[in-house]
Amino acid sequence: MKYIKFDTYTGEKNMQIDSDLLDEAIKTQAQEPIFRLYAWSPRCISLGRNQKDDFLAEVKEDCVRRLTGGRALLHDDEITYSYITPISAIPDGETISSSYKYISGILIDFFKTLGVDLDFGENKKVSTKFDYCMLISTGADVCYNGRKIIGSAQYRKQGYILQHGSILFGYNKELLETLFHEEISTESITTVNEVLPNMTKEEFVEKFEDYILNL
């Protein structure tokens, strides 16, 4: 697996890097998966590929549109991953649910090394006006004790998959409710800070990098 070292960029730059990595993989017909970890500065709202942007006129935040689908996310107190792979490299990769679970399984296995057991969410939609992504639970999401901790979305192009995922470290409930005009239920989501209160982001990234490089 090819690993792209962790770094922090603007939302526009992060999305451009992932798009360029995908296009290069397609151009060269790369067979080795690409895994990338990154953060965002300044904090940024990303919209899913086909999501309406009705509410952005009143939002004073950096905004970007993802290649991948899904709903709006505020990228703030989190670590984001992207994974690029040929569909053919995944068992039953043409089936979307199988590919999600295969890729997300890498994260589940990593959390096991930290002593944390995660599993896949159930298909369960919470009523939400602007569809804040972390409040939507699907079988592709990763949960801790039934509460979503990692949300993921995919894009497919010319036989390749790009999967994005947001690993939530913490969140500002008041800010999210202001941005998305909806109540943020603490019963629906959890964070790395809650599950592993003594782990810093720096430690998390270091351990994740060691894990990926030894796969």
More than 12 heavy atoms of other groups within 6.0 Å of [X] [atom1]:
{"X": "E203", "atom1": "CD", "result": "yes"}
{"X": "K13", "atom1": "NZ", "result": "no"}
{"X": "E187", "atom1": "CD", "result": "no"}

Can you give me the closest heavy-atom contact between [X] and [Y], atom names plus distance?
{"X": "S98", "Y": "D92", "value": "OG-OD2, 3.1 Å"}
{"X": "Y144", "Y": "I149", "value": "N-CG2, 4.4 Å"}
{"X": "F120", "Y": "S104", "value": "CE2-CB, 3.6 Å"}
{"X": "S152", "Y": "G165", "value": "OG-CA, 3.8 Å"}
{"X": "I161", "Y": "G93", "value": "CD1-O, 4.4 Å"}
{"X": "N14", "Y": "A39", "value": "ND2-O, 3.0 Å"}

Indicate yes or no: does [X] engage [Y] in a salt bridge with an N to O separation below 4.0 Å.
{"X": "E194", "Y": "R147", "answer": "yes"}
{"X": "D77", "Y": "R43", "answer": "no"}
{"X": "K173", "Y": "E177", "answer": "yes"}

What is the distance from atom [atom1] of [X] to atom [atom2] of [Y], rounded to the nearest 0.5 Å?
{"X": "D119", "Y": "D141", "atom1": "CG", "atom2": "CG", "value": "11.5 Å"}
{"X": "T191", "Y": "Y171", "atom1": "OG1", "atom2": "OH", "value": "7.0 Å"}
{"X": "T190", "Y": "N145", "atom1": "OG1", "atom2": "CG", "value": "8.5 Å"}
{"X": "I34", "Y": "L22", "atom1": "CD1", "atom2": "CG", "value": "8.5 Å"}
{"X": "T113", "Y": "I108", "atom1": "OG1", "atom2": "CD1", "value": "12.5 Å"}
{"X": "T85", "Y": "L162", "atom1": "OG1", "atom2": "CG", "value": "11.0 Å"}

Got a donor-acceptor contact below 3.5 angstrom from the [X] side chain to the [Y] backbone?
{"X": "N50", "Y": "G69", "result": "no"}
{"X": "Y100", "Y": "Q163", "result": "no"}
{"X": "S19", "Y": "M15", "result": "no"}
{"X": "Q31", "Y": "Q29", "result": "yes"}
{"X": "S99", "Y": "I96", "result": "yes"}

A side-chain contact here means heavy atoms from C-beta on lying under 4.5 Å apart; do [X] and [Y] qualify?
{"X": "V116", "Y": "L118", "value": "yes"}
{"X": "K201", "Y": "N193", "value": "no"}
{"X": "D18", "Y": "L67", "value": "no"}
{"X": "R49", "Y": "T68", "value": "no"}
{"X": "K157", "Y": "I26", "value": "yes"}
{"X": "K27", "Y": "Q158", "value": "no"}
{"X": "Y83", "Y": "Y102", "value": "yes"}
{"X": "L37", "Y": "I4", "value": "no"}

For residues [X] and [Y]: do they belong to one hydrophobic cluster (side chain heavy atoms under 4.5 Å, members Ile, Leu, Val, Met, Phe, Trp, Tyr)?
{"X": "Y160", "Y": "M1", "value": "no"}
{"X": "L196", "Y": "V205", "value": "yes"}
{"X": "L114", "Y": "Y81", "value": "yes"}
{"X": "V64", "Y": "I79", "value": "no"}
{"X": "I90", "Y": "V142", "value": "yes"}

So I45 and H75, side-chain contact (heavy atoms from CB on, under 4.5 Å) or not? Walk me through it.
CA-CA 6 Å; I45 292 174; H75 302 280; over 6 Å; no
Per the side-chain hydrogen bond (donor to acceptor under 3.5 Å, both in side chains) rule, which among R66, R65, H164 passes with S46?
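Exactly one option meets the side-chain hydrogen bond (donor to acceptor under 3.5 Å, both in side chains) with S46, and it is R66.
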Please walk me through it: do L107 and F208 pass side-chain contact (heavy atoms from CB on, under 4.5 Å)?
CA-CA 9 Å; L107 284 82; F208 210 154; 4.0 Å; yes
F35 ring centre to K2 NZ or CZ under 6.0 Å, with the angle to the axis within 45°?
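Pair K2/F35 does not count as cation-pi.
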I want to know whether F169 and F204 have ring centres closer than 6.0 Å.
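Between F169 and F204, the centre distance is under 6.0 Å.
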I'd like to know whether the aromatic ring centres of Y38 and F6 sit less than 6.0 Å apart in this structure.
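Ring-ring flag for Y38/F6: false, centres at least 6.0 Å apart.
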Is there a side-chain contact (heavy atoms from CB on, under 4.5 Å) between Y9 and Q16 once you walk through the steps?
CA-CA 10 Å; Y9 301 99; Q16 189 62 56; over 6 Å; no
Are W40 and T10 close enough that a side-chain donor and a side-chain acceptor fall under 3.5 Å?
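The criterion, which ignores hydrogens and geometry beyond distance, is not satisfied for T10 and W40.
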Between E78 and S166, is there a side-chain donor-acceptor contact under 3.5 Å, judged purely by atom types and distance?
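The answer is yes; a qualifying pair exists.
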The test is side-chain contact (heavy atoms from CB on, under 4.5 Å); show your working for Y211 and D109 and say whether it passes.
CA-CA 10 Å; Y211 177 78; D109 290 344; 3.1 Å; yes
